[in-house]
Amino acid sequence: MLKNLKVASFLAFKQIQRGSKGTLFLTIMIIALVFVNLVFLPSIISGVIETFNAQSINFNYGNLIIEPREGDQYISDIETLQKKVERIPGIVGTSPRISTGVTYFYKGRDARSTLYGINPQDERSVTKIHEHMIRGAFLSAGDTDKILMGATLAGSEGEEGGGLPTLQGVQVGDSVEVAFPNGERRTFQVKGIYETQSIGVDTSAFTTTDAVAQVLGLSDQASEMLVKTSENGQEEMYRTRLLSYAIQQQVFTFRQKAAGFVDQAIQSFEIINAISTLVSLIIAVVVIFIVIFINTVNKRRQIGILKAIGIDKQIIINSYVLQVLFIATLGALAGFVLNAGVIYYLTVNPLVFPGGPVFPVVEPATVARSIASLFAVSVIAGYIPAWKTAREEILDAIQR
Amino acid sequence: MIVAEEITRVYRMGKVEVRALKGVSFTIAEGEFVGITGPSGSGKSTLLHILGLLDRPTTGKVLIGDRDVQRLSDRQQTLFRLKRLGYVFQDYALIPELTAIENVIVTSLARGLPEAEYLKRGVEVLREVGLGDRINHRQSELSGGEQQRVAIARAIVNKPSILLADEPCANLDSETSKSILDLFKQLNDDLNQTIVMVSHEKWHERYFCRIIDLKDGLINCMRECKVSR
Ligand SMILES: Nc1ncnc2c1ncn2[C@@H]1O[C@H](COP(=O)(O)OP(=O)(O)OP(=O)(O)O)[C@@H](O)[C@H]1O
Ligand SMILES: [Mg+2]
């Protein structure tokens with residue numbers, strides 16, 4: 001068996017060594033491109049999911065979000081709840097928020113969106129909005145007449161929001177009047193403008209809990225409480241843990257909150273990906289098949305000679321399969337390098353999606369699957385033509 | 001021993017039938033050096049192909065060493081060719097991608113010989129046929145006669161018990177032909193190898209024990225030669 005493999009690899013090696021380098025190179029490049037195609041789209045999809053998850057965690061929900069019991073508008077005894085949750089192992093931060101729909105007025109323009117009342121110190125322990133200030137500074141405790149605005153809401157001079165709320169050019173230091181749902185109006189001075197690339201967040205504004213609570217007449221209450229866990233990806237486990245600590249309110253993971261939108265997007269992506277994978281693999285099959293087919297047809301005579309001098313048919317077929325494996329290996333390697341180049345480029349110049357910049361994420365499982373399917377396809381596409389040619393009668397192959 | 005019993009071979013090309021062999025019987029003893037002669041188209045190559053298990057007779061039987069070789073499966077026949085037969089094709093049939101030495105040693109490789117041994121033996125055989133300085137040349141870099149000698153080297157490298165050669169000297173000058181025939185004779189003498197060789201040349205006859213002369217697919221005559229050994 002080993003000696004058969006030796007003969008097959010000897011023949012394969014000589015053919016590659018003395019065959020057309022141009023054809024070899026082209027075939028390898030085609031395999032490489034197929035590989036890129038197989039890996040690239042899934043890595044963008046993974047990137048989109050990753051970005052979306054990161055955005056959700058960093059700006060919208062934290063890892064977990066606690067909401068009032070069914071029927072309640074607010075969570076009460078929020079300080080007690082906060083202390084209780086923060087004592088649970090693995091919880092590294094909590095941030096109660098009061099959210100309310102308001103109307104902003106600025107230079108005769110108005111816009112409706114959400115205003116959050118936060119405790120700046122708590123918010124810093126959960127979200128990363130404070131790291132995304134593009135102008136001015138984040139809130140501090142006691143800033144009861146200061147407001148932070150999302151970049152979209154603040155807008156820029158003369159640019160309509162295209163359906164999104166915008167005040168078209170609010171600057172740090174400007175005064176903005178806010179009308180609350182209970183009819184009360186307050187003037188806030190803009191302390192900073194942030195940009196997170198998350199639409200929902202960038203169209204909102206933040207002030208301190210004290211300011212909002214005062215206007216709405218709330219005390220020790222919150223609309224929601226964001227919870228940060230020590231690591232990402234374990235949200236289900238932490239949710240169960242929170243529930244086991246007898247938290248009476250509703251606890252959601254960020255995934256549950258974001259579910260509808262992401263799931264739909266991912267499903268569409270998966271369909272696109274499946275089609276693209278199928279097409280790439282078919283291209284690979286056809287190309288390899290044609291290359292090996294032409295190769296074996298041109299070598300009919302020589303295959304006949306090998307059989308005539310006593311080389312087993314299977315050895316001859318194997319020599320072609322080995323050539324294909326060699327081509328596929330180099331193709332996958334070249335594809336890997338090519339893909340790394342594309343990924344590097346897109347990491348430096350990320351694609352910008354509605355959820356934020358998307359960095360491609362190459363998952364080892366995707367790479368492994370692509371390599372496996374490339375090899376499977378190559379072997380089949382290499383085996384069949386070799387097998388067909390090697391089946392011919394010896395003299396037919398040698399003489400005509 | 002090779003026994004041919006009433007071998008016929010009919011080629012069908014559409015409606016036309018070409019009867020290349022019309023019933024040929026003979027026995028060749030082990031260690032015999034037999035010449036096959038006859039005019040062009042008389043069926044010499046066809047007969048040799050059948051003896052070399054490269055083709056199957058339309059009817060009739062071939063026994064080699066009491067074995068009905070037609071009964072062997074494709075794979076067993078391949079193995080039989082590898083282990084027992086050496087074949088020199090009329091048109092050399094070298095593998096163009098391989099060098100002279102690689103063409104010669106590929107069957108030794110398939111037989112599982114150790115590398116050092118088959119390389120040494122391959123070079124030795126190429127020297128014997130006078131190609132000691134052409135070892136690493138490829139087919140395209142060799143003359144017709146040199147290619148023919150590579151084909152001969154490939155056929156004898158494993159010292160097969162039966163050597164079948166289809167006009168092995170067709171492209172060689174008489175001096176080289178003589179050295180090749182001397183080599184065959186030496187193998188025949190030293191190793192008791194059976195040799196069946198197609199030939200056109202009258203002067204080859206002195207090497208043969210016997211001549212089978214074909215004409216129109218039949219044996220015209222069979223005669224013993226005065227062997228000059
Ligand atoms: N594959 C084939 N298909 C049809 N006819 C064939 C085929 N091979 C040989 N023949 C015919 O069979 C007959 C015998 O051919 P063969 O090659 O055995 O002759 P030969 O004695 O070897 O001739 P030469 O001395 O020219 O080599 C010829 O008439 C030839 O045309
Ligand atoms: Mg002939």
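Given the structure is predicted, the values throughout are model-derived calculations rather than measurements. So you know, we letter chains A, B, ... as the sequences are listed, proteins then strands, and number each from 1.
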Residues [X], [Y]: salt bridge by 4.0 Å N-O rule:
X: B:Arg9; Y: B:Asp55; answer: yes
X: B:Arg56; Y: B:Asp74; answer: yes
X: B:Glu117; Y: B:Lys120; answer: no

Engaged part of [X] at the chain A interface, taking heavy atoms whose separation is under 4.5 Å:
X: B:Arg154; answer: side chain
X: B:Phe89; answer: side chain
X: B:Leu113; answer: neither

Q. Has the side chain of A:Arg300 got a donor or acceptor atom that lies under 3.5 Å from a matching backbone atom of A:Ile398?
A. no
Q. Are the side chain of A:Glu50 and the backbone of A:Gly47 linked by a donor-acceptor contact shorter than 3.5 Å?
A. no
**Q.** Flag if over 12 foreign heavy atoms under 6.0 Å of CD, A:Glu231
**A.** yes
Q: Look at atom CG of B:Asp133 and say whether more than 12 heavy atoms of other residues, nucleotides or ligands are closer to it than 6.0 Å.
A: yes
Looking only at side chains, do [X] and [Y] share a donor and an acceptor under 3.5 Å apart?
X: B:Thr194; Y: B:Glu30; value: no
X: B:Tyr92; Y: B:Asn171; value: yes
X: A:Gln15; Y: A:Gln323; value: yes
X: B:Arg84; Y: B:Ser161; value: yes
X: A:Glu363; Y: A:Ser46; value: yes

Q: Tell me, with the steps shown, if B:Thr8 and B:Thr59 meet side-chain hydrogen bond (donor to acceptor under 3.5 Å, both in side chains).
A: CA-CA 5 Å; B:Thr8 69; B:Thr59 60; 2.6 Å; yes
Q: Determine which residues belonging to residues 310-322 of chain A lie within contact range of chain B, meaning some heavy atom pair is under 4.5 Å apart, and list them by number or answer 'none'.
A: A:Gly310, A:Ile311, A:Asp312, A:Gln314
Q) Using non-hydrogen atoms and a limit below 4.5 Å, what part of residues 20-41 of chain A faces chain B? A) none
Under 4.5 Å, counting heavy-atom pairs only, tell me which of [options] racks up the most with chain A.
options: B:His49, B:Arg81, B:Gln77; result: B:Arg81
options: B:Leu85, B:Leu79, B:Val106; result: B:Val106
options: B:Arg111, B:Arg75, B:Glu97; result: B:Glu97

Q | Under 4.5 Å from a heavy atom of chain B, the part of A:Leu2 involved | A | neither
(Q) Among A:Arg18, A:Lys3, A:Lys14, A:Gln302, which residue has the highest count of heavy-atom pairs closer than 4.5 Å to chain B? (A) A:Arg18
